[in-house]
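Report on the structure given below.
Computation of the quantities below employed the complete heavy-atom set of this structure, encompassing side-chain atoms and omitting hydrogens, waters and symmetry-equivalent molecules.
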Amino acid sequence: MGNRVRLTNDTLNSYGYRVLTDGVDTAQYERNPILLYMHCRGLAIGLIKDIKKENGEITGELSFDEATDLSRQCKQQWEFGSLRMVSIGFEVIETSDAAELIVPGQRYATVTKARLIEVSLVDIGANNDAIRLHKDGQLITLSEGGECPLARLNHKPTNNQPQMDTKTLALTLGLPETADEAAVNAKLAELQQKNAEADSLRQENDSLKLAQITAAVDAAVAAKKIPAEKKQHFLDLGKTVGIDTLNATLDAIAPAQKLSSTLQTERADDIPKAGPWELRMAEIREKLKRQ
């Protein structure tokens, strides 16, 4: 296989942050372009030659010195293809959480300025290129199992939901932490469908309840239990207390009676009915008047 290799580029690594190529200073490294094995000091196996920064990436050619058994072994494995990844050592100078520098899936601040310190041949890297970072004197190793002390982002995506890595999101959704992005998206789509169905059912129930309340109030108006101008009041009451309580309230209200019918009833009841004794007394009074 060819000896020219990509040392770094602008893409998001598997640990959730980026190192911007334009901000990488290679001047110091080019004065001592050491090639190490697995980031180990004292295990120099060669040099990186013809370093180029262009098209959003930094590349170079691996040159094995073959001065040690390890160097000769690494060269054979590189040519065979069993070792095929490199990892770069950076000193972080500046970072930024500016929204315009964030790409989908990014969880940590973007490294905008860094200094290239060393390049290593590694067995497993992170997202095509393993990266070894130093920040404030702290080593950041971006190989499998490495940790990242860079600041976590607080930016929210356009759907106003907090950003969350796939593993955390999968666990939140009740999926195994090994679930991939496709499984997470499928679960989210399923939950969205269920929420839509629940919203539709709630709207149907609300419409049915409103129809029942309106029918009950209209019947009360027709039965003269409540005046028409009070209809909205009882509609609002029904929405608050529910149809059962509203019906109980309306049932307790007696229909209004016409004044004329009330007066006629009272007049008829007020007229005393003359019995035999009253008639006899009237006859006696009439005879006394004629004497």
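Note on L121: it clusters hydrophobically with I34, by side-chain heavy-atom contacts below 4.5 Å among ILVMFWY residues. Follow the hydrophobic side-chain contacts under 4.5 Å out from V221 and you never reach L210; the two are in separate clusters. Linking Ile, Leu, Val, Met, Phe, Trp and Tyr residues whenever their side-chain heavy atoms come within less than 4.5 Å leaves V24 and L101 in two separate clusters. Under the 4.5 Å side-chain contact rule for hydrophobic residues, L83 and M85 share a cluster.
With sequence neighbours left out, the salt bridge (charged side-chain N to carboxylate O under 4.0 Å, His left out) criterion links D218 to K231. Listed by chain and number, the residues in a salt bridge (charged side-chain N to carboxylate O under 4.0 Å, His left out) with E66 are K75 (sequence neighbours excluded).
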Show, in sequence, the C-alpha distance, side-chain angles and deciding distance for V86 and V122, and conclude whether the side-chain contact (heavy atoms from CB on, under 4.5 Å) test is met.
CA-CA 5 Å; V86 295; V122 297; 5.7 Å; no

Going through the distances and angles, do K113 and D25 end up as a side-chain contact (heavy atoms from CB on, under 4.5 Å)?
CA-CA 8 Å; K113 288 187 179 181; D25 181 2; over 6 Å; no

Could you go through the side-chain contact (heavy atoms from CB on, under 4.5 Å) check for F234 and I253 one step at a time?
CA-CA 12 Å; F234 281 90; I253 301 175; 4.3 Å; yes

For residues 240-250, which side-chain N or O atoms pair as donor and acceptor with protein atoms under 3.5 Å away, sequence neighbours left out?
| from | atom 1 | to | atom 2 | distance (Å) |
| --- | --- | --- | --- | --- |
| T240 | OG1 | D236 | O | 3.0 |
| N247 | ND2 | I243 | O | 3.3 |
| T249 | OG1 | T245 | O | 2.9 |

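Considering all non-hydrogen atoms of both residues, T112 and S96 come closest at CG2-CB, 3.7 Å. The two residues A223 and P255 come nearest to each other via the heavy atoms O-CB, 3.4 Å. Between D251 and K225, the shortest heavy-atom contact is CA-NZ, 3.8 Å.
Screening I88, I58, I48 for a side chain to side chain contact (heavy atoms under 4.5 Å, CB included) involving Y29 leaves a single residue, I48.
Between atom CG of residue L12 and atom OH of residue Y108 there is a gap of 11.5 Å, rounded to the nearest 0.5 Å. Taken from CD1 in I45 to CG in L36, the straight-line distance is 7.5 Å, to the nearest 0.5 Å. Atoms CD and CG, from E30 and L47 in turn, are 12.5 Å apart once rounded to the nearest 0.5 Å. The CG atom of L62 lies 11.0 Å from the CD atom of E79; values are rounded to the nearest 0.5 Å. Separating the NZ atom in K52 from the CZ atom in R4 is a distance of 5.0 Å, to the nearest 0.5 Å. Here OG of S71 is found 8.0 Å from CG of L35. Values are rounded to the nearest 0.5 Å.
Looking only at side-chain heavy atoms (C-beta outward), L116 and F90 come within less than 4.5 Å of each other. With contacts defined as side-chain heavy-atom distances shorter than 4.5 Å, the pair K49/P33 does not qualify. When side chains are defined from C-beta on, F64 does not count as touching L70, because their heavy atoms never get closer than 4.5 Å. Looking at L201 and E197, their side chains never come closer than 4.5 Å, going by heavy atoms from C-beta outward. Looking at heavy atoms from C-beta onward, S120 lies out of side-chain contact with Y37 at the 4.5 angstrom threshold. Within the 4.5 Å cutoff, no side-chain heavy atoms of T21 are placed close to those of E54.
Of the possible donor and acceptor atoms, none in the side chain of T95 sits under 3.5 Å from a partner among the backbone N and O of A109. Looking only at distances, a side-chain donor or acceptor of R18 sits under 3.5 Å from a matching main-chain atom of D10.
Taking the charged nitrogens against the carboxylate oxygens, E57 and R6 do have a contact shorter than 4.0 Å, which makes a salt bridge. A salt bridge links R72 with D69; the closest basic N to acidic carboxylate O contact falls under 4.0 Å.
More than 12 heavy atoms of other shown residues, nucleotides or ligands fall within 6.0 angstrom of atom NZ in K53.
Between the side chains of Q106 and T110, at least one donor N or O lies within less than 3.5 Å of an accepting N or O.
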